[in-house]
Every structure is written in C-alpha cells, then in structure tokens.
Amino acid sequence: MQDQQLQDLADFIASSPTPFHATATLRERLIAAGFEALNEREDWQLKAGGRYLVSRNDSSIIAFQLGAEGALASRGLRLIGAHTDSPCLRVKPQPEKDQQGLWQLGVEIYGGALLAPWFDRDLSLAGRVTFRRADGALESRLIDFQRPIAVIPNLAIHLNRGVNDGQAINPQTDMPPVLAHSLEAGRDLRALLAAQLQQQHPDCTDIAVLDYELSFYDTQPPAQIGLEGDFFSAARLDNLLSCHAGLQALLNSDGKQPCLLVCTDHEEVGSASCCGADGPFLEDVLRRLVPDDAERIQLIQRSLLVSADNAHAVHPNFAMKHDENHGPKLNAGPVIKINSNQRYATNSETAAFFRHLCASAEVPVQAFVVRSDMGCGSTIGPITASRLGVRTVDIGVPTFAMHSIRELAGSRDPGYLITVLTAFCNSAQLI
C-alpha cells in the first residue's frame, strides 16, 4: 500500500509543475471520481448527498461533498486546506536576453526560494498562456514543454574562488536560464509559445499570444530513495504532498459527513489575491452553500479546519536550529504546528482533537514549536481562521530542504497523513 501511495503521489507531482496544472490534475481526478463541476458565473442546483467542485483563476480549487441528508448548519464541515503554489522562477513579461551569443529569459523569483539548488539543473517550462484567435476571441490554455529546454550554469570555481564561503546570489543577474544559441536573430518567446500551443492543442491555429504566466521547473522525476527506501524526494512537496493527501482523504471517505477540500494559490507570497486564502473564494462558496447569514455562522462554528502544510523536520547536521524538545523526525507521523504569536492557528482544543484523531487512526503524531530566538513562518491556517472564524489546527508532514528545487520527506509520512485525514472526513463528532 505504501509503494502504491508513493507512486500515486509521484504521478500527481509530475503532472503538476505549476499551480494551474495542479488544479487541473485535482479537477480531473475529482471528475473521474464522480464530482460535478460547478461554474461560479451560473446558478447552482445542489442536491443532498451531492459531490461538487469549483475552481477560480485555474489555480485554486474547492471540492465538497454534502454528506447524508439533514441541515448542513447542524452538522458542521470537515475542512481540509492546502496550497497549490511553490517557490520557483517565473518568466518576466519581456524576458528575451541575447548575451554572449546565448538566448536567455529574465526571471522573477516567486516566493522564498532557495536559489543555490537551481543551478546546473535540467529545467523545463510550463504555465498558462492567453491568446487571441483570428475571430478576436480571447482564450487561455495550459502548456508544458515537459523536456529539458533550459539550464542555469554555475560559474566555475576557478573564476569564483569565494563561492564556498557563502557568496550572495543576485536574482537579477545570476538567475536567467540559458535556452539556446542566439544564432537566429530576434528569437521571440511568444512565437515559441504559439508553436508549443499548436503542438499540444491542435485546435490552436492562427492565434496571437498576448500574455502568459510561466514557471521553470526541474525535470528530474520524484523518487523513493535510501538504502531501504525510507525517503521520498521530489520537487514541490511543499505543498503538493498535502493537496494529494487531502484529495485522497476526500475520495477515500465514506461520504456520510459534509467535507470540503480547499487548495488555494499564492500562499508563498502572502495569499492576498482573488483566489488565495486571504481572498474571498472560500467565503463565496460557503455563502452559496448556506445563504442565510445566521445559519452560515452556525455551520462555521460547528466546523473544523485541518490546515495541512509541510513542517520542518530536525536536520541531523543542523539540530541546533530546533527547540531541543520539538524536533519532528521523518517517518514519525504528521506534526502539529504551534505558535503563541498566532503564526499558526492551533489551540489546545484543536491540537487535542487532532491527537485524539491520530490515536484512533493508529497514526503517530509529533509537535513543532520554533526556537524562542528565531522567527516563525506562517501558512494558510491563521489567514482562513481570521477570515471565517473557524476553529483550526495547523499540521503537516515533516520535511527537509523546504523551498529548495527538490525537497525530502519520509516515505511513510504521506500514508500517515492520508490515513488521519480520511479518519477526519469520516468523523461523526467534531469538538
């Protein structure tokens, strides 16, 4: 079962190089499982026991099942939250550079990326492209080159003797990838995208590419590694691992309880967007589920959000970066994340509920508190809790190298997370 779950996670990550592709993959899997797609621009005709999904900006998605018959407000929702975006290199609007006989693209750093691991990697390009057809209609499609088309070469140590002494990386001058020789005068990215669109989508003929949102990504596939297969290595584990676990939990649930999975974009840059956790997407969906204000407040106060976003495992080479009593370990179960200054939304009641849930599901559980002399990152939990007033527990699978181009998790932890989130979806009683 573990190997099957890891392979499914690997396939999910490989098909999701950008938030747009992650949302499309989630949508495809949900529809294949019988969920009905809704359109925010149309009226919704929801039925008792129905299963539905809705997306916004092609990069965020909400899926929900209404469960058995009965007033929704009296039963509460089991909410699972995650995010679809990861730190990466985004292509600029006018990126073409011809330097020293080589064609490069200027990039902007998205999120808090570890930059050093991006050098000397086989990179590809994917994202959303918006174009105009011959009849004037505007349309957007997803593209993915899938093959290695770019690289950011390191400067040889002979020319950069101080590189191992912690030399800073300049994101403007050091990070533009090399794609080709510039032997052809005036290479045009938009022409390249038009050709790729026609190759992937044969109906995209006679078009003019107007704009795009493109990200470079590492083409190395996910892998189970270690002498005994103890580890799982992949790009974008933060936070596609949690998106996948939430999806599997929803699909594996018995369907009796009202459940909702929300996977939003832009967490890595603050979530303040029309489709981010600090935007109105989830609130808009809840208003349509329960139009009456008083009943919706009752629903929210009977609900619980499990905000799933990766946690920091204690690193054997840097153990001093953790509080000595709060060093989560790989393959030791999901981590409850706690912060007195509300960088995480966990409180004693929600933490106790999650501990009880783990015990009932026979899943090990851990806790993380940042060192008192270090700052603490945050996630979608506090944002959603403050916007909705919903009780929240922030949790996540422990990982190494968070925000690197390639991250590392324990091979048993994804299964642990799926198991406990499935138990959450099936839980008849919330706190």
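Along the sequence shown, residues carry numbers from 1.
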Indicate whether the side chain of Tyr416 and that of Asn331 have a donor and an acceptor atom separated by less than 3.5 Å. no

Distance only, no hydrogens: is a donor on one side chain within 3.5 Å (strictly under) of an acceptor on the other, for Ser253 and Gln65? yes

Indicate whether any N or O donor in one side chain lies under 3.5 Å from an N or O acceptor in the other, for Gln4 and Asp8. no

Any chance the side chains of Arg75 and Gln257 put a donor and an acceptor closer than 3.5 Å? no

Assess the side chains of Arg406 and Ser233: does a donor N or O sit below 3.5 Å from an acceptor N or O? yes

Nearest heavy atoms of Ala409 and Thr399, plus distance in Å: CB-CG2, 3.8 Å

Indicate whether the side chain of Asp309 and that of His83 have a donor and an acceptor atom separated by less than 3.5 Å. yes

Do the ring centers of His244 and Phe12 come within less than 6.0 Å of each other? yes

Do the non-hydrogen side-chain atoms of Val393 and Leu305 ever get within less than 4.5 Å of each other? no

Glu36/Arg51 salt bridge by N-O under 4.0 Å criterion: no

Strictly by modelled atom types, are His403 and Asp238 linked by a side-chain donor-acceptor pair under 3.5 Å? yes

Which residue in the set Thr379, Leu79, Ile383, Ile80 passes side chain to side chain contact (heavy atoms under 4.5 Å, CB included) when paired with Ser307? Thr379

